[in-house]
There are 2 protein chains.
Amino acid sequence: MAVLSGDRTEVAARITIKDVALAANVSVSTASKALNERGRMTVETRKRIQDIAQKMGFRPNAMARALVHQRSFTLGLLTNDTYGRFTLPIAAGLSSAMADRGVSVFLCAIDDDPERVRLNLEAMEDKRVDGLVVSGKRIDRVLPVDLPAVHMPVVYVNAACPPGAIGFVPDDEGGAHAAVAHLVSLGRTRIAHVTGPRSFGAVGLREKGWLRALSEAALPCFGAALSGEWSERFGYESGQLLVAKPVSDRPDAVFCGNDQIARGLIDALTLAGLRVPEDIAVVGFDNWEIFATATRPPLTTVDMALKELGRQAGVTLLDLIDGKPVEAGQRRLPCRLKVRQSCGSEEPSTE
Amino acid sequence: MAVLSGDRTEVAARITIKDVALAANVSVSTASKALNERGRMTVETRKRIQDIAQKMGFRPNAMARALVHQRSFTLGLLTNDTYGRFTLPIAAGLSSAMADRGVSVFLCAIDDDPERVRLNLEAMEDKRVDGLVVSGKRIDRVLPVDLPAVHMPVVYVNAACPPGAIGFVPDDEGGAHAAVAHLVSLGRTRIAHVTGPRSFGAVGLREKGWLRALSEAALPCFGAALSGEWSERFGYESGQLLVAKPVSDRPDAVFCGNDQIARGLIDALTLAGLRVPEDIAVVGFDNWEIFATATRPPLTTVDMALKELGRQAGVTLLDLIDGKPVEAGQRRLPCRLKVRQSCGSEEPSTE
DNA sequence: CTGAAAGCGCTTACAG
DNA sequence: CTGAAAGCGCTTACAG
């Protein structure tokens with residue numbers, strides 16, 4: 001039986017700056033200065049010490065440095081979106097941007113459970129992270145994070161931003177506007193809107209974008225927005241409703257509040273013998289690729305640029321930590337339209 | 001203009017053990033012993049010091065402790081699955097289990113980019129994490145992590161496990177067997193299999209489970225497994241193929257290699273006027289809820305228990321770190337069948 | 001029972 | 001140009 005005991009992988013005591021100093025025949029302080037490019041010394045000495053350190057595979061202990069610098073170069077990411085639709089792109093964007101700057105991020109999965117929030121928050125305090133990014137799944141809900149009790153800078157992503165705080169959300173209205181404007185530019189004039197529950201802040205914003213694009217094009221508002229679940233089922237039912245109408249009452253395009261709704265809607269239209277996009281163009285929201293590419297035809301949809309959201313949140317948090325002045329308030333980062341075939345564009349973007 | 005400068009959030013210098021000692025009128029060493037329940041002292045003194053610390057909101061600096069204990073109570077999670085299908089449940093399971101034990105986990109998003117791997121690995125070394133969990137998206141691919149160069153214990157999750165290492169994967173064969181056995185128990189006798197590309201290790205294992213369940217039931221193998229993309233499109237096309245056959249050649253059940261295939265297949269069957277599950281029962285694999293609940297009818301499917309996978313990997317890594325003997329090799333953790341309606345069971349599980 | 005000392009691994013004024 | 005000393009915040013033998 002092959003048994004891997006812990007010490008099999010234990011390394012022969014990490015090499016420290018003391019080892020390097022010893023090997024180079026200098027004091028620890030000189031070694032430190034050589035390695036950190038500080039102080040004055042002959043280029044040769046410096047180079048010699050650096051070479052030796054390199055050769056010995058010396059890597060400074062980040063915790064020791066953190067202790068003297070009062071800066072850990074770590075961040076905490078609190079998220080209640082265990083499901084993963086939003087968190088993973090945000091986390092990936094944040095993590096890579098931070099990695100490039102030498103800072104690492106702790107992942108804290110809180111399930112909207114106050115006890116877990118407390119536990120994780122304490123861990124982050126104890127580990128002396130330099131700051132916190134709090135990431136949610138709804139732009140209109142504030143997470144149960146007791147900010148006043150948190151002794152460090154915080155930024156919010158894809159979540160409500162408490163007054164005076166700093167937040168990042170996708171520009172839902174702008175994204176919706178771009179989607180509808182694109183349909184207009186393609187000659188559609190009867191553009192309906194099928195979307196999620198009114199209780200979601202994003203629903204109101206996307207509706208506003210839709211209305212603004214229509215009014216800018218001097219187009220009549222084609223019926224009220226249809227609001228329901230964020231589900232394929234609701235999209236499907238809405239599609240059936242459209243199909244049941246007399247042709248003269250039917251839209252020639254539908255802007256959907258998310259990709260699942262768009263998917264269900266397209267299924268219903270197709271089943272009823274309508275052609276997408278020829279008879280009715282459809283645009284979604286989310287660019288959830290697994291849906292967007294599986295619809296027939298592939299779905300034109302709004303991408304919320306979540307990775308970029310995570311990146312920017314991190315970069316701003318770093319500024320905050322560095323004491324740079326940062327304006328309070330919520331930023332709405334641009335979405336971008338991902339053109340595929342469901343909107344009937346002549347030139348689907350290549351990618 | 002409201003400007004939030006960094007120092008606005010900066011706290012009035014963290015309180016340290018020195019502050020506590022001062023307030024309690026004892027030495028730092030005594031304070032330390034009181035707070036850590038070590039050494040001997042009157043209960044009153046101990047209690048008094050603890051109360052003062054509590055009142056002052058003292059939280060020991062984890063990095064300082066790590067320095068003396070040579071243990072950071074942090075882990076690194078390297079993943080190349082930025083897409084998020086597998087990583088997030090694994091990460092959430094790992095993170096919560098670890099949080100309960102006072103250890104925090106760094107998220108490292110590597111995009112199969114060797115440069116990013118190096119960068120993140122160095123960061124983890126520098127931060128002196130106690131161990132690493134390496135998580136992938138295919139059980140038959142080893143990640144580009146240069147293990148020998150890593151100076152700490154490692155476990156692999158949902159990825160190939162190098163010889164002599166320790167790994168955790170779902171029991172694909174067992175899961176497949178359970179799915180097919182369930183169909184058999186429901187009286188199905190002509191059970192086909194539609195699955196992903198042969199190049200995936202999981203495909204072979206799931207096929208094996210299918211065959212084993214059939215042979216155990218003394219059922220003939222109903223045609224060869226149909227292998228194609230992991231996509232709805234392939235499922236859809238496979239469904240069309242089935243439908244085109246004369247009724248006597250049609251299966252009465254299909255076990256699908258993943259939920260996307262199952263979804264596409266059901267769509268094709270339904271479109272052709274067949275009833276699921278009455279005419280043909282369908283079972284999927286993954287329990288990707290967004291698909292499994294959107295099919296009509298909702299999909300019975302195999303859940304890979306990814307959260308549990310992450311949890312176990314973490315717990316085992318902790319054992320390894322503690323120097324406990326751990327058997328080398330790959331563990332296959334049980335999957336569990338999630339019964340919904342597409343298999344025709346009389347009693348869909350409530351949940 | 002309590003405290004002074006040394007140390008974890010590093011950095012930074014400050015003398016020489 | 002180089003090194004001794006003090007310190008970051010904590011813990012742990014070791015004396016008293």
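Chain letters run A, B, ... following the sequence lines, proteins first, then strands; residues in each count from 1.
For A:Ser32, a side-chain nitrogen or oxygen approaches OP1 or OP2 of C:dT11 to under 4.0 Å. Regarding contacts with the backbone of C:dT2, every side-chain N or O of B:Thr30 stays at 4.0 angstrom or more from both OP1 and OP2. Note on B:Asn61: every side-chain N or O is 4.0 Å or more away from OP1 and OP2 of D:dC8. Dashed line: the shortest gap from a side-chain N or O of B:Lys18 to OP1 or OP2 of D:dG7 is not under 4.0 Å. Of the side-chain N and O atoms in B:Arg65, one or more sit less than 4.0 angstrom from OP1 or OP2 of D:dT11. For the OP1/OP2 pair of C:dG9 and a distance below 4.0 Å, the side-chain nitrogens and oxygens of B:Gln70 include at least one atom meeting the criterion. OP1 or OP2 of C:dT12 sits under 4.0 Å from a side-chain N or O of A:Arg38.
Remark on DNA chain D: of its neighbouring residues A:Ala64 and A:Met41, the 5'-side contact belongs to A:Met41, judged by nearest-heavy-atom nucleotide. Checking B:Val68 against B:Asn25, the closest nucleotide of DNA chain C that is more toward the 5' end is the one next to B:Asn25.
Residue B:Ile17 contributes atom CD1, which lies 14 Å from atom P of D:dC8 at whole-angstrom precision. Rounded to whole angstrom, the span from the CD atom of B:Glu37 across to the P atom of C:dC1 amounts to 14 Å. As rounded to whole Å, 14 Å separates atom P of D:dT2 from atom CG of A:Leu35. Put simply, CG on A:Leu22 is 14 Å from P on C:dG9, counting in whole angstrom units. Here the P atom of nucleotide D:dT11 and the CG atom of A:Asp126 are 12 Å apart, to the nearest Å. Nucleotide C:dT11 holds its C1' atom 14 Å from the CE atom of B:Met63, rounded to whole Å. In this structure, the CZ atom of A:Arg46 is 11 Å from the C1' atom of D:dC1, given to the nearest Å. When rounded to the nearest whole Å, the span between CG of B:Leu67 and P of D:dT11 equals 12 Å.
In this structure, A:Asp113 does not pair ionically with A:Arg118, as no charged nitrogen and carboxylate oxygen lie closer than 4.0 Å.
When Watson-Crick and G-U wobble pairs are counted only if both distances are under 3.5 Å, C:dC14 pairs with D:dG3.
For B:Lys33 and C:dG3, a side-chain-to-base donor-acceptor distance below 3.5 Å is present, hydrogens and geometry of angles not being considered. Scanning atom types as modelled, one donor and one acceptor separated by under 3.5 angstrom connect the side chain of B:Ser29 and the base of C:dA4.
Across all strands, B:Val26 comes closer than 4.0 Å only to sugar-phosphate atoms, never to a base (heavy-atom distances). Using a 4.0 Å heavy-atom criterion, one finds that A:Arg40 contacts the bases of the nucleic acid, with or without backbone contacts as well.
When the P atom is used for both D:dC1 and C:dC10, the distance is 25 Å, rounded to whole Å. For D:dG9 and C:dT2, the P atoms lie 25 Å apart once the distance is rounded to whole Å.
The side chain of B:His69 has D:dT12 as its nearest neighbour among D:dT12, C:dT11, D:dC8.
Between the side chain of B:Ser96 and the backbone N or O of B:Ala92 there is at least one donor-acceptor pair closer than 3.5 Å.
Side chain to side chain, B:Glu308 and B:Gln312 meet the donor-acceptor criterion of an N or O pair below 3.5 Å. For the 3.5 Å distance criterion, the side chains of A:Asn158 and A:Arg141 fail to qualify, holding no donor opposite an acceptor. Inspection of the B:Asn36 and B:Arg65 side chains reveals an N or O donor paired with an N or O acceptor under 3.5 Å. Side chains of B:Thr74 and B:Ser104: no donor on one and acceptor on the other come within 3.5 Å.
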